[in-house]
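For reference, the structure is listed below as structure tokens.
Basis for what follows: all heavy atoms, side chains included, without hydrogens, waters or symmetry-related copies. Just so we're on the same page: letters track the sequence lines, and every chain starts at 1.
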Amino acid sequence: MELNKVKLKSFQVLGWFSVITGIIALALLNISMLSGYDLSFMEQLSFWISSILISGLIALFGRNSRSLGLWGIGIAVYLGIFTAVIFILGWVIMPFP
Amino acid sequence: MGSYNEQIGSANKTGLTGKMRTVSRWKLILSTFTIALMIVPTSYMLTFAYYAFGTKSTTLMDTASKVLYLTEPNTALEEMEFEMEFSLFSMDLSFDQYKQIGSELYPVRHYDLHFVLDNLVDKKMTSNLDRTPPKYPTQTNQWLVHPAQGMPEFNSGHDWQVLAGLPDETVVEAYLSFNDLYKVIDVRKEFPGIDVVWAAIYTGTEDEMLSADGDVVSPLGYPVQPDRTYWSPFRDSMSHEETFLQLLKELQPYEELAAEVSSHKNLKLQERIEFIEQNGFTAYGAVITGPKQEVEALKDSQMIRHMKLGEVKLWN
């Protein structure tokens, strides 16, 4: 009973962790784009995406934390699509390195 | 006893709903944040998509590059040195313009163009030229003058004197206006030891520098020397004349933008392309570069009506 409670609690904590990390990542992305400078954050984007994704996936297993998990995964997928679009279109619109 | 249990139950329930309310409030706040923070990255993706599939960034770059080759005498650009920067719904394009003086290329101008989508909203140009062409070209202040035009605003005799007074160890750029229309090949034959770098082509409007609608037009012409640089639109061109006409046609859909990039306000490409197609290519002026002494020796040429001295550099 107690163990179950701890398990549920940790799913919820991971869910919130996933969402909040996702929001921080989005905020940093905004800052780096609006300031016009490449922050070191952009280089670590894959690390951020994977930690949001992993914690979100784990949070999916708890019934109460499922929505949080989906939310986190949503942010991670958005960041992934953003990186891919910018990378691929970047090649198209800038014909030289 | 019963009422006590009920009280406890309702107290627990209130606590639970209170906690749930806090959680749902936080969820609402954070979801608003999430959506708000997605606005800028999404706009960024839309900007990139616009420059990749809408009006292409490379089209804007090519238009800027072509119009300078065709309207600014003796121009070369290096495409590898084009810098592009993208921000929300806008693009910055900056590059250097070069001139051949003697046998070397010198950077003479730096352009900073700011586009919002495909509109050129800001153009900054810094110039290193010692002799700057008129900022606002009019009917009479051009440096290359058609034979049918009256006296230009510059004093040709004075420029020949200045040329004569230059040290022998210099190379110069000179703008020659002819006393008739000539084929470019004949012009090159006439000036054997000298590089003819740009030929100004008669397009039916240069006798008065006015279009059919009465607008002051730009000179149009093309680089004469073979250009093997990778970025030049005249690279591998078998006939510069044909490439010139081809480029004019390619510029036509973007004429408004091209006119904004150029220092000349009107290109009037439609009527000028038609004129060239009917009458062929004849030059009324040319820009040459070479050692001072050899340019000075042209003073007696029957072909030349006016000479405007351009840039002067030490021997190279």
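- Atom CD1 of A:Ile24 is separated from atom CZ of B:Phe33 by 11.0 Å, given to the nearest 0.5 angstrom.
- Atom NZ of B:Lys56 has 12 or fewer neighbouring heavy atoms from other residues, nucleotides or ligands inside a 6.0 Å radius.
- Looking at A:Leu34, only its side chain comes within 4.5 Å of chain B, counting heavy atoms on both sides.
- Between chain A and the residues B:Ser87, B:Ala52, B:Ala49, the most heavy-atom pairs under 4.5 angstrom are made by B:Ala52.
- There is no side-chain donor-acceptor pair under 3.5 Å between A:Tyr78 and B:Thr34.
- Looking at A:Trp16, only its side chain comes within 4.5 Å of chain B, counting heavy atoms on both sides.
- Looking at A:Ile20, the atoms closer than 4.5 Å to chain B (heavy atoms on both sides) all sit in the side chain, from C-beta outward.
- In this structure the side chain of A:Leu26 never reaches within 4.5 angstrom of the side chain of B:Val40, judged on heavy atoms.
- The choice from A:Val92, A:Ile86, A:Val19, A:Leu68 that makes the most heavy-atom pairs within less than 4.5 Å of chain B is A:Ile86.
- Contact annotation: the side chain of B:Tyr44 never approaches that of A:Val85 to less than 4.5 Å [non-hydrogen atoms, C-beta and beyond].
- The local environment of NZ in A:Lys9 is sparse, with at most 12 non-hydrogen atoms from other residues, nucleotides or ligands closer than 6.0 Å.
- At a 4.5 Å heavy-atom cutoff, B:Ile39 makes no contact with chain A through either its backbone or its side chain.
- Interface remark: A:Leu29 contributes side-chain atoms only to the contact with chain B (heavy atom separation under 4.5 Å).
- Heavy-atom contacts from other residues, nucleotides or ligands closer than 6.0 Å to CZ of A:Phe61 number 12 or fewer.
- Contacts between B:Met61 and chain A at a heavy-atom distance below 4.5 Å involve the side chain alone, from C-beta outward.
- Residue with the most contacts toward chain B among A:Leu79, A:Leu89, A:Ile88, A:Ile81: A:Leu89 (heavy-atom pairs, distance under 4.5 Å).
- There is no contact between B:Thr47 and chain A, counting heavy-atom distances below 4.5 Å.
- Interface summary for chain A: among B:Ala36, B:Pro41, B:Ser31, B:Ser57, the most heavy-atom pairs under 4.5 angstrom belong to B:Pro41.
- The environment of CD in B:Gln252 is crowded: more than 12 heavy-atom neighbours from other residues, nucleotides or ligands sit within 6.0 Å.
- Taking the side chain as every heavy atom from C-beta outward, A:Ile23 and B:Leu30 approach each other to under 4.5 Å.
- For chain A, the nearby part of B:Phe86 is the side chain; its heavy atoms alone come within less than 4.5 Å.
- With rounding to the nearest 0.5 Å, the separation of CD1 in A:Ile75 from CE in B:Met38 is 5.5 Å.
- In this structure, A:Met94 CE and B:Phe48 CZ are separated by 5.0 Å, a value rounded to the nearest 0.5 Å.
- Shown here is B:Glu85, whose CD atom has no more than 12 heavy atoms of other residues, nucleotides or ligands within 6.0 Å.
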